[in-house]
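See below for the structure under consideration.
All of these numbers come straight from a predicted model, not from anything done at the bench. Per chain, numbering begins at 1; letters A, B, ... match sequence-line order. Only heavy atoms go into these numbers, but all of them, side chains included; no hydrogens, no water, no symmetry mates.
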There are 2 protein chains.
Amino acid sequence: MLLPAHFFKCLADETRLRCLLLLQRRGELCVCELTQALQMSQPKISRHLALLRTCRLLQDRRQGAWVYYQLHPDLPDWALAVLNTAADGLVGQPMFAGDAGRLTGAAVCPSGWTDDEALGALKPA
Amino acid sequence: MLLPAHFFKCLADETRLRCLLLLQRRGELCVCELTQALQMSQPKISRHLALLRTCRLLQDRRQGAWVYYQLHPDLPDWALAVLNTAADGLVGQPMFAGDAGRLTGAAVCPSGWTDDEALGALKPA
DNA sequence: TTAATATATGGACATCCATATATCTAAATG
DNA sequence: CATTTAGATATATGGATGTCCATATATTAA
């Protein structure tokens, strides 16, 4: 069971918050996309994603060399509602808008490919 | 300026979250009311309220021996929206419902009095 | 003035947390 | 097999955080 205070503690870090809001908007992203969007080191991103996975805020899915993360499907309604409200209210702020921009601007491993497409695709930058 | 991650860190503690959601619903409460509603020690409540005041999430107002707290009027829209959404989604949970119950059940220093009424009123339990 | 009540704060303590560095696994490729 | 790349993890460290106890301050009552 997800305790509200525990949930908010997961949002209480800029790196995690940016990852979550990005995933809330885009649905599913791999670690390298998040690394590029947030312009942070891969170990740092990975560590925060692991924390969010352990806390059951995110779910991961491996596809070849890449690991894709998305909001956990079992998140309670109140948590989804808070994430939605936060994303709506913060999407205008430069910090978060910049993330989405760096994401769309880069032609890297988009999710939604078939297995064959993913296996044959170029590696992300 | 209120940083989103900083704001969520303020919500990342059960005591503070319960205080904030109660104040979000009730508008203004004094320390003794919160102490009674949450069934926690006065120093503990006072410390967390001081933190929320320092972080500009709460505003305090002294009236005689009592200090009343309320959501800070300068809170940005996105922060108010998140608090609203959280309160809507969590009001059903026993943890938070119990707080409101203990508050309504006690006939203690209600806010909204005039100065004269407050000065002449009985002390809170 | 003395007592009582409401609130705040200082100090001590244990715990948690974010970060950096380095290492490790697994997969893809040649 | 060797190499490269994506990603995870182990460890150490500095710093923040929550809680408790005791005490301090402020206001009101007697």
Side-chain angles (χ1 to χ4, degrees), chain A residues 3 5-6 8-19 29-55 58 60-69 106 108-109 111 115-125, chain B residues 3 5-6 8-19 28-55 58-69 106 108-111 113 115-125:
Chain A
L3 290 173
H6 192 196
F8 284 115
K9 187 172 285 185
C10 290
L11 309 199
D13 175 272
E14 185 184 310
T15 303
R16 287 197 294 268
L17 186 57
R18 288 164 73 186
C19 287
L29 296 169
C30 70
V31 181
C32 67
E33 286 175 302
L34 290 166
T35 300
Q36 177 167 333
L38 272 64
Q39 306 256 66
M40 290 179 177
S41 74
Q42 180 271 323
K44 181 172 175 177
I45 297 283
S46 179
R47 201 171 229 287
H48 284 292
L49 291 175
L51 189 151
L52 293 172
R53 171 168 34 84
T54 301
C55 295
L58 295 183
D60 66 332
R61 172 178 72 88
R62 176 174 286 270
Q63 185 171 49
W66 298 283
V67 175
Y68 293 92
Y69 282 90
V108 290
C109 57
S111 59
D115 281 17
D116 281 14
E117 284 169 339
L119 290 171
L122 289 172
K123 290 182 281 292
Chain B
L3 290 173
H6 191 196
F8 285 115
K9 186 173 288 185
C10 290
L11 310 198
D13 176 272
E14 185 185 310
T15 303
R16 288 197 294 269
L17 185 58
R18 288 163 73 186
C19 286
E28 200 179 40
L29 296 169
C30 71
V31 180
C32 68
E33 286 175 301
L34 289 166
T35 300
Q36 176 167 332
L38 272 64
Q39 307 255 65
M40 291 181 178
S41 74
Q42 180 269 321
K44 182 173 174 177
I45 297 285
S46 180
R47 271 198 187 282
H48 284 292
L49 291 175
L51 188 151
L52 292 172
R53 171 168 33 84
T54 301
C55 295
L58 296 184
Q59 189 184 57
D60 66 332
R61 171 178 72 88
R62 175 174 285 273
Q63 185 170 48
W66 298 282
V67 175
Y68 293 93
Y69 282 89
V108 290
C109 58
S111 59
W113 285 345
D115 281 17
D116 281 15
E117 284 170 339
L119 289 171
L122 290 172
K123 290 182 284 293

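A sub-4.0 Å separation between OP1 or OP2 of dC17(C) and a side-chain N or O of K9(A) is present. Residue H48(B) places none of its side-chain N or O atoms closer than 4.0 Å to OP1 or OP2 of dT17(D). Listed pair Y69(B) / dA6(C) fails the phosphate criterion, with no side-chain N or O lying under 4.0 Å from OP1 or OP2. OP1 and OP2 of dA6(C) both lie 4.0 Å or more from every side-chain N or O belonging to R62(B). The side chain of Y68(A) contributes no N or O atom lying less than 4.0 Å from OP1 or OP2 of dA6(D).
For the atom pair OH of Y69(A) and CG of L29(A), the computed distance is 12.0 Å after rounding to the nearest 0.5 Å. The CG atom of L52(A) sits 7.0 Å away from atom SG of C19(A), with the distance rounded to the nearest 0.5 Å.
Distances from the side chain of D13(B) to the nucleotides dA8(C), dT19(D), dC20(D) place dT19(D) closest. Of the candidates dA8(C), dC20(D), dG7(D), dC20(D) carries the atom nearest the K44(B) side chain, counting heavy atoms from C-beta on.
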Taking only nitrogen or oxygen atoms into account, show me every contact under 3.5 Å that the protein makes with nucleotides 9-11 of chain D, one pair per line with its distance.
unit_1, atom_1, unit_2, atom_2, d
dT11(D), O4, R47(A), NH2, 2.6

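Residues L3(B) and E14(A) fail the side-chain proximity criterion, which asks for heavy atoms closer than 4.5 Å.
Note: CZ (R61(A)) to P (dA26(C)) measures 20 Å, nearest angstrom. If you measure from atom CG of L11(A) to atom C1' of dC17(C), you get 16 Å, rounded to the nearest angstrom. Straight-line distance from the CD atom of E33(B) to the C1' atom of dT5(C): 15 Å, rounded to whole Å. Protein atom CG of L29(A) is 16 Å distant from nucleotide atom C1' of dG7(D), rounded to whole Å. Distance CG (L51(B)) to P (dG18(D)): 7 Å, rounded to an integer number of Å. Taking atom CD1 on I45(A) and atom C1' on dA6(D), their separation rounds to 14 Å, with Å as the unit. The distance from atom CE of M40(A) to atom P of dA18(C) is 12 Å, rounded to the nearest whole Å. In this structure, CD of Q36(A) is placed 16 Å from C1' of dG7(D), rounded to the nearest angstrom.
Partners of R16(A) under the salt bridge (charged side-chain N to carboxylate O under 4.0 Å, His left out) rule, at least two apart in sequence or in another chain, do not exist in this structure. Residues passing the salt bridge (charged side-chain N to carboxylate O under 4.0 Å, His left out) test with R62(B), sequence neighbours excluded: none. Judged as a side chain to side chain contact (heavy atoms under 4.5 Å, CB included), and not counting sequence neighbours, the contacts of T35(A) are V31(A), Q42(A), I45(A).
Nearest-nucleotide assignment on DNA chain C puts the 5′-proximal partner with T35(B), out of T35(B) and A65(A).
Between the side chain of Q42(B) and the base of dA6(C), no donor-acceptor pair under 3.5 Å is found.
A donor-acceptor contact shorter than 3.5 Å links the side chain of E33(B) to the backbone of C30(B).
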